[in-house]
Structure formats: structure tokens, C-alpha cells
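In each ligand, atom 1 is the first atom listed, and ligand 1 is the first ligand listed.
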Amino acid sequence: MSFRPFRIDPDIRRARMPPVELYRDSDWWQALCERVFPRSWQLSPAARFQPRGNGLHPWTLLPGCLDEALLLARDENDRLRCLSNVCTHRGMPLVEKACAANSLRCPYHGRQFDLQGRLQASPEFEAAENFPSEEDDLPRAAVGEWQGFSFAALHPKLDFERWIETLNRPTAPWLNADWPSEPTETREYEVEANWALYMENALEGFHLPWVHRGLSKSIDFASYRTELFASGNIQVAEASQGEAAFDLPAKHPDAGKRIAGYFAFLFPNLMFNFYPWGLSINLIHPRGMGHCRVTYLTFVCKPELRGQGAGGDLDTVELEDGAAVAKVQRGIRSRLFQPGRYSPSREAGLHQFHRLLAEYLCGHEPMPRVIDT
Ligand code: FES
Ligand SMILES: [Fe+2]
């Protein structure tokens with residue numbers, strides 16, 4: 001079946017989930033690769049890697065999905081840019097390893113670019129007419145930076161400030177955190193499931209008592225809530241009695257509550273999960289219709305609290321989630337299955353994810369700015 005536009009009712013009480021083809025049809029996969037991911041913001045895999053003065057860092061954007069060869073380049077004034085890493089002559093990749101340089105020289109026929117991507121020299125082109133033009137410069141992707149983390153987007157649908165506003169939740173306890181410059185730990189998980197099934201699972205706490213018997217002892221299920229923003233949401237989990245919680249200042253909106261974790265989702269495939277000990281960034285990389293790779297980047301600020309509370313054993317929680325969504329991947333092959341309705345009290349984040357997908361894929365009405373649930 002080929003891709004066909006779909007709509008998600010903005011009222012969760014009436015809405016039905018997207019057609020099952022979203023997870024298993026190659027035309028729908030193609031539509032995602034053309035309409036969603038090129039217009040999305042993505043975290044640089046080097047995370048807080050900050051090449052100083054003339055630093056170059058090659059980066060393949062979303063391998064197995066976009067496979068776009070990019071180059072993060074920081075010039076002598078520390079201005080960050082994201083350039084195409086493909087020569088504008090005949091397509092040779094320019095930089096293969098992170099390095100420092102004042103300019104870029106193509107290894108095929110010697111074309112030279114500056115760190116802004118402008119063509120500086122092109123041997124044997126003296127007689128070419130109307131040359132060079134802007135089209136001979138390296139194309140650029142948009143870049144954004146937040147607390148030392150760098151992001152890029154090929155053709156962003158939203159400007160960076162609007163996209164990142166979820167992480168700028170007023171007086172968020174993480175805004176002045178002193179993150180380590182490199183991840184304390186990096187882990188990768190291969191999940192035999194469509195990326196959207198993985199995201200859906202990450203966007204609701206509904207399954208906690210069923211899938212995570214251990215974790216659910218650390219979290220107060222009744223008070224679990226989701227706050228929606230323009231292009232993402234934050235799930236707020238309060239701690240059970242005696243479990244690790246944030247130490248919040250008196251003026252904080254959640255002061256007086258014992259918060260076990262803030263789980264921030266940035267559309268379409270990124271989680272920033274904040275725990276009393278620090279931050280776990282989860283990158284969900286689509287690798288085809290039935291497979292995704294999940295990378296955990298862990299930044300520990302308070303080692304004495306690691307191992308405690310909701311973020312105490314992320315490895316076990318991830319394996320439980322991966323096993324659950326792999327089973328759903330098998331379930332959605334059923335010819336009799338059609339996606340169902342949303343729980344109005346527990347699936348607001350999931351409903352928002354599907355509305356954003358519909359907006360990117362089909363161009364429906366603009367998303368509301370902020371809704372609290
Ligand atoms: S491909 Fe780069 S100079 Fe020819
Ligand atoms: Fe889970």
C-alpha cells in the first residue's frame with residue numbers, strides 16, 4: 001500500500017492512532033525519510049564535543065535512514081557550522097577523520113574550501129565561465145547549541161529556539177548543571193522494532209507497573225504526569241517514599257514535591273532524561289522499518305547518587321523496554337490488528353507524538369504552543 005495522508009484528532013478522547021502501515025509499509029518509511037527526518041533537529045554524536053579553533057568533525061547523519069555526510073566545523077572565531085562533507089565538483093567525501101585545519105582540500109582534484117564552506121581555489125577551472133558561483137560552495141545545514149550540546153538540521157521545519165523550548169522549561173533544575181565535557185559512559189542497544197514503536201513506549205508511563213516491576217517501586221504511579229510543549233514534552237515522575245529525589249529550591253514550581261526524574265522528549269527521536277545524579281541522553285536511530293539502534297549517553301554530575309532511585313539501573317529498564325517493543329513489532333504483523341484508541345489519562349505524550357508525525361508527514365494544522373495536562 002502506498003503512503004496516504006492521515007489525521008489524528010486533536011481531542012485525545014476521540015482520537016484513534018495512525019494506520020498500522022506507519023510501522024510496516026516501505027512507502028510510509030520512504031515518506032518518513034523524506035518528510036520527517038530531513039526537517040528534524042538531531043544531536044551531534046559527539047555530544048558535547050567542542051572542537052576549538054579550526055576543529056573539523058565528520059558526521060554521518062542518521063545512518064540507515066538519511067546517510068547524509070556532514071562536517072561540523074568550528075572556525076578560528078569558535079563559530080560552529082555544519083557543512084556538507086561532499087565536494088561540489090564530483091562528489092568526493094572531503095574529511096574522513098576528526099582533525100584541525102585552516103581549510104578543506106578535496107583529495108580527488110584538489111578543490112579548496114574555507115571553514116565557512118566557500119570555494120577558495122579550483123585547479124584547472126580558469127577557463128570555466130560564470131565560475132565560481134554560490135552553487136560551488138559547500139551547502140550548509142542549520143546548527144543550534146544548548147548548554148554546550150550541538151544540534152543540526154538539514155531543512156528545519158521549526159527554528160532551533162522553538163524546538164528546544166521543552167528543555168528550557170522555566171526554572172528547570174538542569175539549566176545550571178555542571179555537565180562533564182564528555183559522556184561518563186556510552187552504551188548502545190540494538191532493538192528489533194520500528195523506531196516509532198520504541199518512541200511510543202518511551203512516551204508513556206502507563207506500562208511501568210506491567211513491564212518494569214523493579215522501577216515501578218521507585219516511582220509514584222498515581223502522580224505521574226506529562227507536560228506538552230511545541231515540539232516535545234516532559235514526563236514528570238515523583239518518587240516513592242524513601243527513594244532518591246531532586247533537591248529543588250523553594251521557588252521551583254515543583255518545590256515540596258519529591259521528583260524522581262524529568263523525562264524530556266524532543267521530536268522526533270531524542271530523549272533527555274534528568275535524574276538526581278545527572279543526565280541520560282537517549283538517541284533513537286531508525287535503521288529500517290523493523291530495527292532501531294538506541295544510544296545512551298550518560299553524564300554524571302553527582303556520582304554519590306548514581307545507582308539510586310528511578311535512574312539507578314537504566315540497563316535493566318532498557319532491556320525490559322526493548323523486549324516489550326520487540327514483541328509489539330511481532331504483534332503489528334497481524335492482519336487482524338488495527339491500532340486502537342488512546343488512554344486520555346495516560347497517553348497524552350503518545351498522542352502528541354502522533355500529531356507531530358501527522359503534521360510533518362501530511363501538513364495538517366499547526367501544533368498548539370503549550371498545553372498542560
Ligand atoms: S571531486 Fe573534489 S575536486 Fe573533484
Ligand atoms: Fe519503559
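Nearest N/O/S atom of Asp321 relative to the Fe ion (ligand 2): this is OD1.
Proximity of the aromatic rings of Trp28 and Tyr23 is defined here by a centroid distance below 6.0 angstrom, and this criterion is not met.
When atom types are taken as modelled, the side chain of Ser122 and the backbone of Phe125 share no donor-acceptor pair closer than 3.5 angstrom.
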Problem - Step-by-step ring-ring contact (aromatic ring centres under 6.0 Å, His included) determination, Phe246 to His252 - result: CA-CA 11 Å; Phe246 278 91; His252 192 276; 8.4 Å; no
Handout entry: Working for salt bridge (charged side-chain N to carboxylate O under 4.0 Å, His left out), residues Arg74 and Glu145
Key = CA-CA 12 Å; Arg74 202 178 281 276; Glu145 291 184 87; 3.2 Å; yes
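Scanning His109, Glu124, Arg90 for the heavy atom closest to atom 4 (Fe) of ligand 1 points to His109.
Computed with the Fe ion (ligand 2) at the centre, the His212 NE2 to His207 NE2 angle is 100°, stated to 10 degrees.
Geometrically, Arg346 engages Phe221 in a cation-pi contact, judged by NZ or CZ lying under 6.0 Å from the ring centre and within 45° of the ring axis.
The distance from atom 4 (Fe) of ligand 1 to the nearest N/O/S atom of Cys87 is not under 2.8 Å. Inclusion of Cys106 in the first shell of atom 2 (Fe) of ligand 1 is supported: an N, O or S atom falls under 2.8 Å.
Atoms of ligand 1 lying under 4.0 Å from any heavy atom of Tyr108, numbered from 1 in the order shown and given with element: 1 (S). Within ligand 1, counting atoms from 1 as listed, the ones closer than 4.0 Å to a heavy atom of Arg111 are 3 (S). Near His89, meaning under 4.0 Å from any of its heavy atoms, are these atoms of ligand 1: 1 (S), 2 (Fe), 3 (S), 4 (Fe). Near Met92, with a cut-off below 4.0 Å to any heavy atom, the atoms of ligand 1 are 1 (S).
Linking ILVMFWY residues whenever their side-chain heavy atoms come closer than 4.5 Å, directly or via other members, places Phe267 and Leu66 in the same cluster.
Partner of Tyr189 under the side chain to side chain donor-acceptor pair (under 3.5 Å) criterion, out of Asp321, Thr295, Asp315: Asp315 alone.
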